[in-house]
Undergrad: 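I am attaching a structure below and will ask some questions about it afterwards.
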Amino acid sequence: MQKKNLVFLSAASLLLLTSCSKLGPLTADNFKVVPNPLESHAGQVPATINGSFPEKYMKKKAVVTVTPELRYGNGQVARGTSATFQGEKVEGNDQTISYQVGGNYTMKTNFKYVPEMQKSELYLTFDAKIGKKEKEIPAVKVADGVIATSELVGRTVKSAQACIAPDSFRRVTEAKQVANIKFLIQQANLRKSELKNNSVTEFVELLKKINADKEGLNLNNIEISAYASPDGGVELNDKLANQRQKNTEKYVDQQLKKAKLADANVDAKYTAQDWEGFQELVQASNIQDKDVILRVLSMYKDPEERERQIKNMSAGFRELADGILPQLRRSRMTINYEVIGRDDDQILAQYKEDPKQLSVEELLYAATLKDNADEQEQIYKTTTEVYPNDCRAYNNVATIEYAKGNYDEAKNYLQKALAIDANNGEANANLGLLALQAGDAKTAETYISKASNANGLAEVLGNLHLAQGNYALAEQDFAKVNSNSAALAQILNKNYSAASNTLNNIKNSDGMTDYLKAILYARQGNNTEAANALRSAVSKDASLAAYAANDLELANVSK
């Protein structure tokens, strides 16, 4: 009995000695990882590790370096950022941990994401020494990972709508033509020489054309504005401008009757003293005392006082009388009309007969009249042949090739577009979209920064911000877009009701649409609906089966 007691005391003494000289194992209870499971964002897997050393653990001469390791695949290891801790008697700059009470610490780490990390485990490894002696502390598993839902942007971006360069075709275009008639000082009669000037001759010819081409031209109205120059007094100029209006209106009525447009609407008015026109002409001239004259106009509002002050500048007034005032003794005739272009059927018929007879705007517009992507692409390619110096058609061919998944071909056409116009917004935005599809967000950002005026830029920006991990901003960009990427941004932003609405409103839903529905249902705890959506997704896109097998979001979904 005495011998047994001696053996027991010896074992206890050895254990006490060992505990004093060794750093014992740590357990997962000593650590909390946020998030757990780990999650990827913008191609990175960040983690915050909150740890604690128990009381009487950190020996006073101990140094412990903690290194996070993400273990995945067949023995592959990604090492994160280490942190070193020291006992109370160690001279160093690392965080000191009390032997008596222990201590808490926080360390942040980050891993570059690779797809194999979907099935992975986060371990903490320890490099420990007491004095100069190395001590072994077993590695501790502290988290699982990685939820890689954000990485789906690499797939959702493939169904994004690339930026289409718009046409500026308008079937009905507002137009106007102006003619001017000048009068001699204090006269209102229309001189034959003035009625033969180019602007008046063109005015008359246009009236004839409008009557001859009622399908292509439509007369809205004619405006007549008659003026007198500011010199000569208000009463005289009022009568003079009024008479100039009447004489011009009579002439216009005659021309309308000759052109068989007698029912046209004519709006006539006159301005007794054209001070506004006077100021514009003086401002644009190089006459002597120009600044003084403009100052007089601003200082005096009374017409007679203005005229008196200006006439006091004898040299300046002479230049006004010879160069400015004669131009203000006039009437202006304006034809407001519409140019009516081909309708949709006419454009398509002309394209079939001879596309070279269509304008570039009509050709670009013709493509929008087709629902079939192949037919649209053929029209755009024809446009590049007829109008090889317009970059828009090259860009639009690229959008169709992108939608087909022909990324090299899309890039080729976009480069042709930029060779014509390096600043074209749509082409730069679409090269950014190609870069996102290839997983290169940095290059994408460079291209997209040059595309501020691009048509449809919001959707491209949304995909960029989604790839960068800025889900709230991406959701704002997608405000008017129903797409897989828009729904993904809403899911990652935890706006599940909006995501559900978006997914239900995607016109051309595909396997990825259903896959996102499965994730959404799984997050909401509806595993039955998640399983149904996942089966539908795999039936549309078999490649999703392998992806789903490693997806922690769908780990509890029965297949």
Side-chain angles (χ1 to χ4, degrees), residues 34-46 72 113-120 143-160 436-437 439 459 462-463 465-479 481-559:
V34 180
N36 187 8
L38 303 178
E39 298 176 7
S40 68
H41 298 285
Q44 303 291 318
V45 182
Y72 62 97
Y113 176 80
V114 295
E116 293 80 6
M117 288 179 179
Q118 279 185 282
K119 280 190 172 180
S120 58
D144 292 305
V146 171
I147 293 176
T149 306
S150 66
E151 301 306 316
L152 290 173
V153 65
R155 288 173 171 260
T156 64
V157 72
K158 293 179 180 180
S159 60
L436 285 176
Q437 181 277 326
E459 185 168 355
N463 280 281
H465 292 139
L466 180 57
Q468 292 174 330
N470 194 335
Y471 310 132
L473 189 54
E475 186 174 349
Q476 290 179 28
D477 295 326
F478 289 129
V481 177
N482 291 315
S483 70
N484 290 336
S485 289
L488 178 58
Q490 290 161 339
I491 289 172
L492 292 169
N493 208 31
K494 296 181 172 56
N495 190 352
Y496 299 139
S497 61
S500 177
N501 184 63
T502 296
L503 290 167
N504 290 330
N505 283 287
I506 293 176
K507 289 183 179 180
N508 300 313
S509 62
D510 55 14
M512 181 50 60
T513 307
D514 289 336
Y515 194 89
L516 291 170
K517 286 182 179 180
I519 289 176
L520 180 60
Y521 288 133
R523 286 197 173 195
Q524 294 173 324
N526 193 337
N527 283 358
T528 300
E529 289 297 328
N532 291 336
L534 184 57
R535 280 192 289 271
S536 177
V538 172
S539 69
K540 294 176 182 178
D541 184 352
S543 70
L544 290 171
Y547 194 89
N550 298 317
D551 194 334
L552 291 186
E553 291 271 50
L554 302 177
N556 297 320
V557 173
S558 58
K559 300 177 178 60

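Because the structure is predicted, anything quoted here is derived from the model rather than measured. Because only heavy atoms are used, hydrogens play no part in the values below, and waters and symmetry mates are left out as well, while side chains stay in.
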Undergrad: Can you tell me how far apart CG (Asp551) and CG (Leu152) are? Round to the nearest 0.5 Å.
TA: 7.0 Å

Undergrad: Could you tell me the separation between the CG atom of Asn505 and the OG atom of Ser500, rounded to the nearest 0.5 Å?
TA: 9.5 Å

Undergrad: So Leu554 and Tyr515, do their side chains get closer than 4.5 Å, heavy atoms only?
TA: yes

Undergrad: By side chain to side chain contact (heavy atoms under 4.5 Å, CB included), which residues pair with Glu459, not counting sequence neighbours?
TA: Ala160, Gln161, Asn463, Phe478, Val481, Ser483

Undergrad: Do the side chains of Leu466 and Leu492 get nearer than 4.5 Å, heavy atoms only?
TA: yes

Undergrad: Looking at Ser536 and Ala533, would you say the former's side chain and the latter's main chain have a donor-acceptor pair under 3.5 Å?
TA: no

Undergrad: From Ile491 CD1 over to Glu475 CD, what is the distance, rounded to the nearest 0.5 angstrom?
TA: 11.0 Å

Undergrad: Might you point out which heavy atoms bring Gly511 and Ala537 nearest each other, and give the distance in Å?
TA: O-CB, 3.2 Å

Undergrad: Who are the ring-ring contact (aromatic ring centres under 6.0 Å, His included) partners of Tyr471, not counting sequence neighbours?
TA: His41

Undergrad: Nearest 0.5 Å, what's the OG1-CG distance between Thr149 and Leu488?
TA: 7.5 Å

Undergrad: Which distance, rounded to the nearest 0.5 Å, do you find between the CG of Leu520 and the CG of Asn526?
TA: 9.5 Å

Undergrad: Checking Glu553 now: which residues fulfil salt bridge (charged side-chain N to carboxylate O under 4.0 Å, His left out) with it, not counting sequence neighbours?
TA: Arg523

Undergrad: Got a sec, which residues hit salt bridge (charged side-chain N to carboxylate O under 4.0 Å, His left out) with Asp514, two or more places apart in sequence or on another chain?
TA: Lys540

Undergrad: Asp510: what forms a salt bridge (charged side-chain N to carboxylate O under 4.0 Å, His left out) with it, not counting sequence neighbours?
TA: none

Undergrad: Can you measure from OG1 (Thr528) to CG (Asn532) and round to the nearest 0.5 angstrom?
TA: 7.0 Å

Undergrad: Ala148: what forms a side chain to side chain contact (heavy atoms under 4.5 Å, CB included) with it, not counting sequence neighbours?
TA: Ser40, Tyr113, Gln118, Glu151, Tyr547

Undergrad: Within a strict 4.5 Å, meaning less than it, do heavy atoms of the Asn482 and Lys507 side chains meet?
TA: no

Undergrad: Are the side chains of Arg155 and Ser543 in touch, meaning some heavy atoms are under 4.5 Å apart?
TA: yes

